[in-house]
Protein chains: 2
Amino acid sequence: MGVTSSIKRGSAELAILSVLVEEPLHGYEISKRIEEHTGGVLRFNLASLYPMLYRLEKRGWVKASWQTTSSGRRRRCYSLTAAGRKQLPPLRDEWRLFFRALDRLAGVSRA
Amino acid sequence: MGVTSSIKRGSAELAILSVLVEEPLHGYEISKRIEEHTGGVLRFNLASLYPMLYRLEKRGWVKASWQTTSSGRRRRCYSLTAAGRKQLPPLRDEWRLFFRALDRLAGVSRA
DNA sequence: TTCCTATATATAGGAACGCTATATACGTTG
DNA sequence: CAACGTATATAGCGTTCCTATATATAGGAA
């Protein structure tokens, strides 16, 4: 279960934005969400996820706010910004272009 | 034209094996073939291609032989080995798995 | 209460892969 | 002979993801 690192390379960005478009989540939840929604095929190490979130924050595509749960536990809640939401369609377009090109070349979608 | 570097990362291996399964080619031709077959969407720099070919050769998936054209020009002709041909179906399987997972998560194939 | 697991964030160090830049050199066309 | 396309090759860099490690709280099991 879980695809090779080199294959999924570059997909974390789209994956994160895609789960955040539905609702704001904190880092740990984002990781779980991606894993669950793909049946374990897409799975990112938490140590890969946090630096990615900081990059997205720096670009202004997500914004983070510290929360404290009722039990006194701190965590950062990430949500998409307007700029981040705007990035999603062109990102999807590029991935679709790539999918189709590789499919045409290598017959990936053929059973 | 041409998808982002980070997106196509890891696909060179499958792309090369896929064009070589049809007929043996030399490096420069492999590059052109990939570009033509994908309408310019997939495009690998020659400086990325040669190291990849050496890696594939080292793994025993392709074998190279020096040729000299009638005009006295040297070039290396690459062909798939039996081991390389065997790698293709599982590689396609993994890519398909990845495609479907990312599509489910991000709606890539939806127009 | 002690231990284990799950939750939660963070950084250091490294590997893989594709990039730009650069080098060399032959063939063909203008 | 200059310019361009063909052809191979290496050095050095950036990005992205990895493993390993650190810290800390909550809840359940032993």
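Residue numbering restarts at 1 for every chain, and letters A, B, ... go by the order of the sequence lines.
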Would you jot down, in residue-number order, the residues of residues 41-55 of chain B having a non-hydrogen atom under 4.0 Å from DNA chain D? Leu46(B), Ala47(B), Tyr50(B), Tyr54(B)
Check each residue of residues 10-38 of chain A for a non-hydrogen atom within less than 4.0 Å of any atom in DNA chain D, then write out the ones that pass by number, or none. Gly10(A), Ser11(A), Ala12(A)
Just how far is it from atom [atom1] of [X] to atom [atom2] of [Y], taken to the nearest 0.5 Å?
{"X": "Ile30(A)", "Y": "Leu17(A)", "atom1": "CD1", "atom2": "CG", "answer": "9.5 Å"}
{"X": "Met52(B)", "Y": "Asn45(B)", "atom1": "CE", "atom2": "CG", "answer": "14.5 Å"}
{"X": "Leu102(B)", "Y": "Ile7(A)", "atom1": "CG", "atom2": "CD1", "answer": "12.5 Å"}

Evaluate the side-chain proximity of [Y] to [X]: yes if any heavy-atom separation is below 4.5 Å, no if none is.
{"X": "Ser11(B)", "Y": "Trp95(B)", "answer": "yes"}
{"X": "Arg33(A)", "Y": "Glu23(A)", "answer": "yes"}
{"X": "Ile16(A)", "Y": "Leu49(A)", "answer": "yes"}
{"X": "Leu88(B)", "Y": "Leu14(B)", "answer": "yes"}

For DNA chain D, what is the dot-bracket line, given that a base pair needs Watson-Crick (N1 to N3, plus N6-O4 or O6-N4) or G-U wobble (N1-O2 and O6-N3) geometry with both distances under 3.5 Å, and | means paired with another strand? ||||||||||||||||||||||||||||||
Glu57(B): partners by side chain to side chain contact (heavy atoms under 4.5 Å, CB included), with sequence neighbours left out: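 Listed in chain order: Tyr54(B), Val62(B), Ala64(B), Arg76(B), Tyr78(B).
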Kindly give the heavy-atom pair with the smallest separation between Lys8(B) and Val3(B), and that separation in Å.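 Taking every non-hydrogen atom into account, NZ-O, 3.5 Å.
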List in chain and number order the residues that pass salt bridge (Lys or Arg N to Asp or Glu O under 4.0 Å) with Glu22(A), two or more places apart in sequence or in another chain; answer none if no residue qualifies.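 Here no residue qualifies.
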Donor-acceptor contact below 3.5 Å, side chain Thr68(A) vs main chain Arg74(A):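 Checked: no pair found.
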Is it true that a side-chain atom of Arg96(A) and a backbone atom of Val108(B) form a donor plus acceptor pair closer than 3.5 Å?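 Confirmed, Arg96(A) side chain pairs with Val108(B) backbone.
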Counting side-chain heavy atoms from CB outward, which of dT8(D), dA10(C), dC17(D) is closest to Arg74(B)? dT8(D)
Can you name the atoms? Protein N/O to nucleotides 25-28 of chain D N/O, anything below 3.5 Å, with the distance.
residue	atom	partner	partner atom	Å
dT25(D)	O2	Arg73(A)	NH1	3.0
dT25(D)	O2	Arg73(A)	NH2	3.1
dA26(D)	OP1	Ser71(A)	O	2.5
dA26(D)	O4'	Arg73(A)	NH1	3.3

Starting at CH2 of Trp66(A) and ending at P of dA8(C), how long is that distance when rounded to a whole Å? 12 Å
When you check the phosphate oxygens OP1 and OP2 of dA16(C), does a side-chain N or O of Lys8(A) lie under 4.0 Å from one of them? no
Contact under 4.0 Å: Arg75(B) side-chain N or O vs dA7(D) OP1/OP2: yes
Below 4.0 angstrom, N of the basic side chain to O of the carboxylate: do Arg100(B) and Asp103(B) qualify? no
